[in-house]
Amino acid sequence: MRDRVVITGFGCVSSLGVGTAAFVDGLLAGRSGIAPITSFSTEGCRSHTAALLRDFDPSRFLEPLKLRRVDEVGRLALAACRLAIDDARLPTKTDGVGVVMGTATSGLHSTLSHLRSLTEGGPAAVPALGFSNTVGNAAASLCAIEFGLRGPNITFAQKQASSLAAIAYAARALEDGRISAFLTGGFDDFEEQFFRVHDRLRVLARASTDGGEEASRPFDRRRNGFVLGAGGHVVVLETATSAGARGATVYGEVLGLGTGASESALNGWPADGAGIARTMRAALDEAGLEPAHVDVVFASANSSRGLDHAEASALEAVFGPSAVPVVSLKGAIGEHGAAGAAALTAALLCPRRGQVPPTLGSSEPDPACRVDISVAARPARGPVALINATAAGGSHYTLAVKALPQD
């Protein structure tokens with residue numbers, strides 16, 4: 001018999017602040033982490049905003065010598081993991097805990113720095129100290145080394161769906177009894193070159209010709225692209241047996257998961273919602289749920305015209321038009337590989353406040369997207385949530401979870 005999989009801790013470093021309280025408070029208050037970029041120049045770009053990290057001081061989590069050796073994404077990962085470990089009171093220095101993370105940008109800063117040094121000064125100018133940070137699994141490995149976690153160590157790079165892909169893998173491994181606990185979730189950061197590439201590809205939100213401000217507007221008729229975000233969102237996932245044996249606080253339970261894909265261009269969104277609908281139904285079937293049992297869906301919609309329409313059609317196919325409350329966090333925290341883990345955190349912690357967060361930026365719903373969204377927080381209908389993640393290129397993940405009441 002498979003063991004149940006539960007969530008016992010959270011670590012959040014986001015554009016709304018550091019810690020779960022700042023994250024949940026900000027979401028429910030309708031605050032946005034999206035702001036004009038000041039950390040680098042956006043001169044010549046069509047877009048000028050992002051959801052950058054707020055109030056994050058890496059020196060709170062790492063001593064000076066380690067700060068010198070670890071790049072920006074590694075610092076973010078270590079901080080989010082430290083917060084999750086502390087919240088769960090998870091034992092460290094053990095073989096029984098693994099690390100499974102999702103990221104689209106691990107190694108980005110170091111790789112670009114090395115390439116810049118190489119092109120400007122030749123091989124002798126490339127610093128050896130930071131080379132290990134260029135590896136895609138570097139941040140997850142650093143977390144395992146820092147906290148002495150000797151279980152499996154894996155990184156998923158599934159673009160915008162990276163963190164939910166990692167969580168899905170961890171949940172399945174726990175169900176199969178291969179290990180007792182995982183630190184899992186995701187982390188992403190970006191810099192000027194990464195931003196400018198996305199701007200050049202014309203996928204980012206921009207100011208409209210009719211004077212509309214640059215913003216992330218999921219499901220809104222005015223949407224014209226996503227806003228890049230940054231953040232680290234990590235959860236402690238473990239078997240119910242493990243959590244019970246150590247008397248851990250249980251925030252929620254994984255009920256089922258679905259994975260799938262749609263035919264799509266390499267960096268494009270699905271042309272229709274059939275693949276997303278199949279993935280949601282797979283999660284519901286595994287959880288033993290009917291659509292009417294779902295109290296809220298945390299959508300992957302990110303203000304891109306194609307993705308939002310495809311997901312809206314999938315939601316209509318599974319639930320009926322505007323039949324279930326739908327939330328997208330992308331209007332508040334932007335789009336990045338950790339967004340799925342952020343949605344899991346919100347899906348389990350916001351109902352403890354009796355509310356679900358708003359979908360910021362969606363004050364003029366697209367009539368072609370028949371979904372039930374709100375620009376203000378509203379009462380939680382119940383504890384069961386679906387969390388969707390779709391990556392450019394057509395990969396889909398859905399997680400069905402149940403929030404447990406606060407003791």
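Not measured: the values here are computed from a predicted model.
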Taking [Y]'s backbone N and O only, do any of them form a donor-acceptor pair with [X]'s side chain (distance below 3.5 Å, no angle check)?
X: R352; Y: L404; answer: yes
X: D308; Y: C369; answer: no
X: T94; Y: P91; answer: no
X: S216; Y: V227; answer: no
X: R89; Y: A248; answer: no

[X] atom [atom1], neighbour heavy-atom count above 12 within 6.0 Å:
X: H309; atom1: NE2; answer: no
X: R246; atom1: CZ; answer: yes
X: R178; atom1: CZ; answer: yes
X: R370; atom1: CZ; answer: no
X: K159; atom1: NZ; answer: yes
X: E192; atom1: CD; answer: yes

Within-4.5 Å side-chain heavy-atom neighbours: [X] and [Y]:
X: V18; Y: F61; result: yes
X: T42; Y: S47; result: no
X: V356; Y: C350; result: no

So, [X] and [Y], do they make that salt bridge, N to O below 4.0 Å?
X: E175; Y: R4; answer: no
X: R381; Y: D372; answer: no
X: D95; Y: R150; answer: yes
X: R221; Y: E364; answer: yes

Inset, instruction - Among R222, R217, R305, find the one that has a salt bridge (Lys or Arg N to Asp or Glu O under 4.0 Å) with D366. - result: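 Passing option: R305.
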
Legend entry - Evaluation steps, side chain to side chain donor-acceptor pair (under 3.5 Å), between S180 and E238: CA-CA 6 Å; S180 60; E238 60 184 306; over 6 Å; no

Legend entry - Donor + acceptor pair across side chains of T105, D188 (<3.5 Å):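 There is such a pair between these side chains.
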
Inset, instruction - Please determine, by modelled atom types, if Q158 and S395 share a side-chain donor-acceptor pair under 3.5 angstrom. - result: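 Their side chains do contain a donor-acceptor pair, which is all the 3.5 Å distance test asks for.
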
Inset, instruction - Test V6 against T239 for side chain to side chain contact (heavy atoms under 4.5 Å, CB included), laying out the working first. - result: CA-CA 6 Å; V6 298; T239 63; over 6 Å; no

Hey, could you give me each pair passing side chain to side chain donor-acceptor pair (under 3.5 Å) that has a residue in [range]? Not counting sequence neighbours.
range: residues 329-341; value: N302-E335, K330-E335
range: residues 274-291; value: R172-E286
range: residues 382-394; value: E311-N388, N388-T398, T390-H396

Inset, instruction - Would you sort out whether F219 and V326 count as a side chain to side chain contact (heavy atoms under 4.5 Å, CB included), showing the intermediate values? - result: CA-CA 10 Å; F219 299 121; V326 176; 3.9 Å; yes

Inset, instruction - Mind telling me whether F190 and F195 have parallel, tilted or perpendicular rings, with 30° and 60° as the class edges? - result: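 F195 vs F190 ring planes: parallel.
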
Inset, instruction - State the CD1-CZ distance between I333 and R31, to the nearest 0.5 angstrom. - result: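 These two atoms lie 14.0 Å from each other.
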
